[in-house]
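Since the structure comes first, as structure tokens, the remarks are kept for the end.
Quick note on labels: first sequence line is chain A, next is B, and so on, each numbered from 1.
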Protein chains: 4
Amino acid sequence: MEFKDHQAIYLQIAESVCEKILNGIWKEEDRIPSVRELGTTLGVNPNTVARTYEHLQQREIIYNKRGIGFFVTPGARREILTSQRKQFLQEELPGFFKKLDLLGITIKEIEDFYNKHTQ
Amino acid sequence: MEFKDHQAIYLQIAESVCEKILNGIWKEEDRIPSVRELGTTLGVNPNTVARTYEHLQQREIIYNKRGIGFFVTPGARREILTSQRKQFLQEELPGFFKKLDLLGITIKEIEDFYNKHTQ
Amino acid sequence: MEFKDHQAIYLQIAESVCEKILNGIWKEEDRIPSVRELGTTLGVNPNTVARTYEHLQQREIIYNKRGIGFFVTPGARREILTSQRKQFLQEELPGFFKKLDLLGITIKEIEDFYNKHTQ
Amino acid sequence: MEFKDHQAIYLQIAESVCEKILNGIWKEEDRIPSVRELGTTLGVNPNTVARTYEHLQQREIIYNKRGIGFFVTPGARREILTSQRKQFLQEELPGFFKKLDLLGITIKEIEDFYNKHTQ
DNA sequence: GTGGTCTAGACCACC
DNA sequence: GTGGTCTAGACCACA
């Protein structure tokens, strides 16, 4: 996996985990790969994955069974959805609209782009 | 002024400068505040503002008259517009659309939000 | 059974065993459940219970008859009482008092809580 | 500084920081030592201190000014007090009382110990 | 100077 | 096998 430079790797991994849960690839109560396993898969130090998991555990998206591994928390999908929607609507969208105005782009143009994009 | 955590302060200042130019608050060939002046205004180390100006100077949005100060480059407004439009359409929009899909938000909802937002 | 995160599971099980002996639920010379039995009861790996029993055996609180099972050692109750009292008075209590001071809680309040608690 | 074995060093450091704040040694809005500084003071790797600070930052007990250092959050003292009191009353005290009963220690004896202890 | 991140490697307790 | 912690050392962006 390739990582972008402007964001910490452990956060990019966290996002990819969330996506997997949102997409239903990892379901609730599923065991997810061990830190070592995912580390070698991604070509990353296990410590970095451990940091990702610690972060996700604090957000109650995954939980740990000692000596066994990490599991997807029941309700994780809903939790991710609501928190990301909230973050999106409250933080990103206002800046997005502001930028539209500043750059003189209409919402109609965005719509057209979207339709082209999803065709 | 308050700064967000996820972006370098000098870049956030740069954005606010660009906004002022886009809005016509600072017109082309206008002198903009000195590094020290803006620094105290914003409650920020002058070095940080210096970095902002250096950054904007490289992008040819402002230029320096030695011993006098910084000035808005002729054509700066157009330059900002085109570069930001390009950056916006090529880099932000795809991620924006992807997020919409992931969060199950329709482009229609965005439109509604926009209309409410600008009323 | 649910386990807390801050202490090893096998020690939490050991405590519950000691409690049962203190309460007289398991009397001296009684046979206690097999490793496998208790493991499934608690939803825990038998190895973990084995570790608990090994630990208690070392403290001479239980003993093993090969091929038959584990039994409560004669005098176990007294042994648990004295060792735990010692540990409690020497190690827990000082930290407990220190915390009271730090949090501004008086011994009087503790007494009141206790009386409410045991009513 | 010496550390006990049964708890992670970074958590023990966190506790000592909280104590300093509770005791008023570090007041709100004060700058606390840099990770390197405190690391060498305690004879500990700077990474470990960094982990402590990250942990305390998440609990909003300290905050970071980029490139400058960590500062005690306004209201940190109150925050620590309430969270620790809550933790103490809800989690520790019930177990404490339970142990008293099991060990046959009366609340009166505790009081006597306390008075001896604080003389 | 500051903190943030990452790697490599180690040791540990636990299951 | 699992994760948790710590160290040493490095590089980076930032103020």
Protein-nucleotide distance (Lys65(D), atom NZ; dG1(E), atom P), rounded to Å: 20 Å
In this structure, how many angstroms lie between the C1' atom of dC14(E) and the CD atom of Gln12(C), rounded? 12 Å
Quick one: Leu42(C) CG to dC15(E) P, roughly how many Å, whole number? 12 Å
Could you give the side-chain donor-acceptor pairs of residues 44-52 of chain C under 3.5 Å, partners two or more places apart or in another chain?
residue  : atom : partner  : partner atom : Å
Asn45(C) : OD1  : Asn47(C) : N            : 2.8
Asn45(C) : OD1  : Asn47(C) : ND2          : 3.4
Thr48(C) : OG1  : Asn45(C) : O            : 3.4
Thr52(C) : OG1  : Tyr10(C) : O            : 2.9
Thr52(C) : OG1  : Thr48(C) : O            : 3.3

Residues 55-71 of chain A vs side-chain hydrogen bond (donor to acceptor under 3.5 Å, both in side chains), sequence neighbours excluded, gives Glu29(A)-Tyr63(A), Gln58(A)-Gln58(D)
Sequence neighbours left out, what pairs pass side-chain hydrogen bond (donor to acceptor under 3.5 Å, both in side chains) with at least one residue falling in residues 74-83 of chain D? none
Decide if atom CZ of Arg36(B) counts as having more than 12 heavy atoms of other residues, nucleotides or ligands within a radius under 6.0 Å. no
Show me, pair by pair, the donor-acceptor contacts under 3.5 angstrom made by side chains of residues 92-99 of chain B, not counting sequence neighbours?
residue  : atom : partner  : partner atom : Å
Glu92(B) : OE2  : Lys99(A) : NZ           : 2.8
Lys98(B) : NZ   : Glu19(A) : OE2          : 3.2
Lys99(B) : NZ   : Glu92(A) : OE2          : 2.7

How would you list, by chain and number, every residue that makes a side chain to side chain contact (heavy atoms under 4.5 Å, CB included) with Lys27(A), sequence neighbours excluded? Asp30(A)
In whole angstrom, give the distance that lies between atom CZ of Arg31(A) and atom P of dG1(F). 12 Å
Separation of atom CD in Glu54(D) from atom P in dG4(E), rounded to whole Å: 7 Å
Please give, in whole Å, the distance from dT2(E) P to Ile62(D) CD1? 15 Å
Read 5' to 3' with Watson-Crick or G-U pairs under 3.5 Å, [ ] for crossing pairs and | for partners on another strand, DNA chain F gives ||||||||||||||.
Expressed as a whole number of angstroms, how long is the span from Glu37(A):CD to dG3(F):C1'? 13 Å
Kindly say whether Gln7(B) contributes a backbone atom to a donor-acceptor pair with the side chain of Gln12(B) at under 3.5 angstrom? yes
Just how far, in rounded Å, is C1' of dT5(E) from NE2 of His55(A)? 14 Å
Contact list (N/O, under 3.5 angstrom) for nucleotides 10-15 of chain F vs protein:
none

Side chain to side chain contact (heavy atoms under 4.5 Å, CB included) partners for Lys86(C), two or more places apart: Gln90(C)
Please enumerate all residues that pass salt bridge (charged side-chain N to carboxylate O under 4.0 Å, His left out) together with Arg85(A), with sequence neighbours excluded. Glu109(B)
